[in-house]
Amino acid sequence: MSRELLERQILGCLLKDNTLIEETNITPSMLEVEVHQVLFDSMIKIFKSGKVVDQVTLLSSSYQQLNKIGGIDFINKLKTDGDPTNFESYEQTFLDELRKSKANKLLESFLSSQDKDINHLMLNLEKIVDQGTDQEQNVKDVLVELYEEPHLEQSSQNMIPTGIKSLDRLILGFEKKTSTIIGARPSIGKTAFILKLSKSAAKLGFVPCIFSLEMNKKSLLRRMISTEANINGLLAKQSNKLTDHQKKAWSNAIGEIDTYNLEIFDNSMKTTQDMRSDIRKVMKKHPGKQLIVFIDYLTKIQTKDRFNNEHMRVTEISDQLKAIAKDYDLPVVTLAQLSRNVEQRQDKRPGLSDLRESGSIEQDGDLIMFLYRDDYYDAETEKQNILEVIVAKARDGAVGTVDLYYNKSTGIIADLEERYESGRVAAGSN
């Protein structure tokens, strides 16, 4: 890709997704083409003024400059250049090429110079390598953060609680910069569990960002309302049949959920690049708020590239999920389907080997949990309405199993000591 085309791709991305303007490490002076420099500079000024950067605002803010250099028509063509989901790739390629070009010019200058100061050369080469890259925190800065950590409020620390006391005692919560995988067979309660975690995070002031690749937004919210209102899920699909008491509970539940900083994306064709773009928008929408990302579910995530087999595809997705967690300083919690091998065993409790394409998922996951219900397989079991959360891997914590109360009708999940209060079903909801 030529330098000029790459610059057009970058500017096209900035025009389509304005949040990238403050995210990018590229500055106008780095661009080679004059019209590109003018446009990028105008984009930054418009963005900082709080306006939307589009073709109209660009043209009005830089008409005279663009007219002098024949760049008016260029704005209209810009919308067709660049795919924001590939912006990180464009940016990295651009910065790599820029460093290479500068390094070559510096070496040429050094070789033609009479005074060959090697120390000066190495110092300048180091500056070029660092250009456009984030600076790593030094050890002293990290130690200062760790010193202050015990004195911070919970919301300012590194963990986001699950909101389930017995589970938090085991895993403490979801740590920022980590990837969590929650695996289960179909109909065990994965979606109910992730909604419980989302609701708990929202109540604590965090911003749950849900990527629902299988269920649409309305269905997901209906399930959340059903749980909050303690109404049978089947009845919730026929809300016109609710009693007056249930209608009031329904309205109250909607009012409660409306107070949450909840973000749901239900496009089934999302790639990890799409998710990055959405996460940036949510961070811009909720400045200063801590996000936690939930994805339902892993193998539904799309990829732009073609892979020779599913293992390679899942490996790429798993690696990208971990990168999202690290790059945006947040926990990423992803649901995963389990292989059918579980059904062929006498003890159907899942383990790490049951994860589809388990090698890459197991390696990248900082925390891996499985959900299991004995009453799903055995109607006569003594463990009725019990959801087992099996912590199979915890990079910095303990493993073990936590039993939770689970009401399949309403989707309510709670600690066992809270089951009598949480398990009650509104009159007529069954």
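It should be emphasised that the depicted structure is a prediction, and the values quoted were computed from it without experimental measurement. Nothing fancy with the numbering, it's 1 onward along the sequence.
- N385 CG to Y405 OH: the interatomic distance, rounded to the nearest 0.5 Å, is 5.0 Å.
- Checking side-chain atoms of T57 against main-chain N and O of V52 turns up a donor-acceptor pair under 3.5 Å.
- Q320 is not listed as a side-chain neighbour of M275, based on a closest heavy-atom distance of 4.5 Å or more.
- Here L167 contributes atom CG and T401 contributes atom OG1; the two are 11.0 Å apart, rounded to the nearest 0.5 Å.
- Considering CG of L31 and CG of L39, their distance stands at 9.5 Å, rounded to 0.5 Å.
- Taking all atoms of both residues into account, the shortest heavy-atom contact from I182 to L197 is CD1-CD1, 4.0 Å.
- A 6.0 Å sphere centred on CG of N309 holds more than 12 heavy atoms belonging to other residues, nucleotides or ligands.
- Because its NZ or CZ atom is both nearer than 6.0 Å to the ring centre of Y377 and within 45° of the ring axis, K348 counts as a cation-pi partner of that residue.
- Using a 4.5 Å cut-off on side-chain heavy atoms (C-beta onward), D366 and E175 make no contact.
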- prompt: Are Q92 and D96 close enough, and set up right, to give a side-chain hydrogen bond (donor to acceptor under 3.5 Å, both in side chains), and what steps lead you there?
  reply: CA-CA 6 Å; Q92 189 60 52; D96 288 344; 3.0 Å; yes
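- Here the closest non-hydrogen pair linking R3 and M30 is NH2-O, 2.8 Å.
- Crowding of K203 atom NZ: a count of heavy atoms from other residues, nucleotides or ligands under 6.0 Å exceeding 12.
- Between the side chain of S61 and the backbone N or O of L58 there is at least one donor-acceptor pair closer than 3.5 Å.
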task: Could you go through the side chain to side chain contact (heavy atoms under 4.5 Å, CB included) check for F174 and T162 one step at a time?
output: CA-CA 7 Å; F174 298 115; T162 68; 3.7 Å; yes
- request: Verify side-chain hydrogen bond (donor to acceptor under 3.5 Å, both in side chains) between S89 and N86, making sure each step is shown before the conclusion.
  value: CA-CA 5 Å; S89 176; N86 295 327; over 6 Å; no
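- When side chains are defined from C-beta on, F87 does not count as touching Q9, because their heavy atoms never get closer than 4.5 Å.
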- prompt: When you look at Q37 and E7, which way does the side chain to side chain contact (heavy atoms under 4.5 Å, CB included) test go after all the steps?
  reply: CA-CA 10 Å; Q37 293 176 353; E7 290 184 5; over 6 Å; no
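- Looking only at side-chain heavy atoms (C-beta outward), S200 and F206 stay at 4.5 Å or farther from each other.
- Using a 4.0 Å cut-off between a side-chain N of Lys or Arg and a carboxylate O of Asp or Glu, K284 and E263 do not qualify as a salt bridge.
- Side-chain contact between I324 and I279 is present, with at least one heavy-atom pair separated by less than 4.5 Å.
- Sparse packing is recorded around CD of E380, with 12 or fewer heavy atoms of other residues, nucleotides or ligands lying under 6.0 Å away.
- Checking side-chain atoms of T381 against main-chain N and O of D378 turns up no donor-acceptor pair under 3.5 Å.
- Of the possible donor and acceptor atoms, one in the side chain of R395 sits under 3.5 Å from a partner among the backbone N and O of G365.
- For the residue pair L416 and D403, the shortest heavy atom distance occurs at CG-O, 3.5 Å.
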- request: Under the salt bridge (charged side-chain N to carboxylate O under 4.0 Å, His left out) rule, what do E228 and K199 come out as? Steps first, then yes or no, please.
  value: CA-CA 9 Å; E228 179 68 27; K199 175 182 171 182; 2.5 Å; yes
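- Here the side chain of Q384 pairs a donor or acceptor atom with the backbone of A379 at under 3.5 angstrom.
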task: Given side chain to side chain contact (heavy atoms under 4.5 Å, CB included), test Q337 with Y297 step by step and report yes or no.
output: CA-CA 8 Å; Q337 291 277 25; Y297 58 90; 3.3 Å; yes
field: Trace of the side-chain hydrogen bond (donor to acceptor under 3.5 Å, both in side chains) decision for D266 with S212
entry: CA-CA 5 Å; D266 62 355; S212 180; over 6 Å; no
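- Inter-residue side-chain proximity for L20 and E91 is flagged as unmet; no heavy-atom pair is nearer than 4.5 Å.
- No donor-acceptor distance shorter than 3.5 angstrom exists from the side chain of S277 to the backbone of D274, with no hydrogens or angles considered.
- D415 places a side-chain N or O within donor-acceptor distance of the main-chain N or O of S166, the cut-off being under 3.5 Å.
- What you find for E4 and V33 is that their closest heavy atoms are CG-CG2, 4.0 Å.
- For the pair V342/Y372, no side-chain contact is recorded, criterion being any heavy-atom separation below 4.5 Å from C-beta on.
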- request: Decide yes or no on side chain to side chain contact (heavy atoms under 4.5 Å, CB included) for L298 and I181, but give the supporting numbers first.
  value: CA-CA 9 Å; L298 190 146; I181 302 295; 4.0 Å; yes
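- Rounding to the nearest 0.5 Å gives a distance of 8.0 Å between CG of L330 and CD1 of I160.
- With rounding to the nearest 0.5 angstrom, the CD1 atom of I231 is 5.0 Å from the CD atom of Q246.
- Classification of K16 and D83 as a salt-bridged pair fails, no side-chain N sitting under 4.0 Å from a carboxylate O.
- When all heavy atoms of I361 and S318 are compared, the pair lying nearest together is CA-OG, 3.7 Å.
- Just one of L335, I390, L338, L387 meets the side chain to side chain contact (heavy atoms under 4.5 Å, CB included) condition when paired with L371; it is L387.
- Side-chain atoms of E343 never come within 3.5 Å of backbone atoms of R340 as a donor-acceptor pair (strictly under, hydrogens ignored).
- Salt bridge absent: D244 and K248 never bring a charged side-chain N and a carboxylate O closer than 4.0 Å.
- Looking at D354 and R345, a side-chain N of the basic residue comes within less than 4.0 Å of a carboxylate O on the acidic one, giving a salt bridge.
- Remark: the backbone N or O of G12 is not paired with any side-chain donor or acceptor of D81 at under 3.5 angstrom.
- Comment: E310 engages R313 in a salt bridge, judged by a side-chain N to carboxylate O separation of less than 4.0 angstrom.
- Under a 3.5 Å cut-off, the side chain of Q290 and the backbone N or O of D329 do form a donor-acceptor pair.
- To the nearest 0.5 angstrom, S339 atom OG is 7.0 Å from R185 atom CZ.
- The closest side-chain heavy-atom distance from D296 to I210 is not below 4.5 Å.
- A salt bridge is defined here as a Lys NZ or Arg NE, NH1 or NH2 lying under 4.0 Å from an Asp or Glu carboxylate O, and K383 with D374 fails to meet this definition.
- Taking both residues in full, the closest heavy atoms of D364 and S179 are given as O-CB, 4.1 Å, listed atom of the first, atom of the second, then distance.
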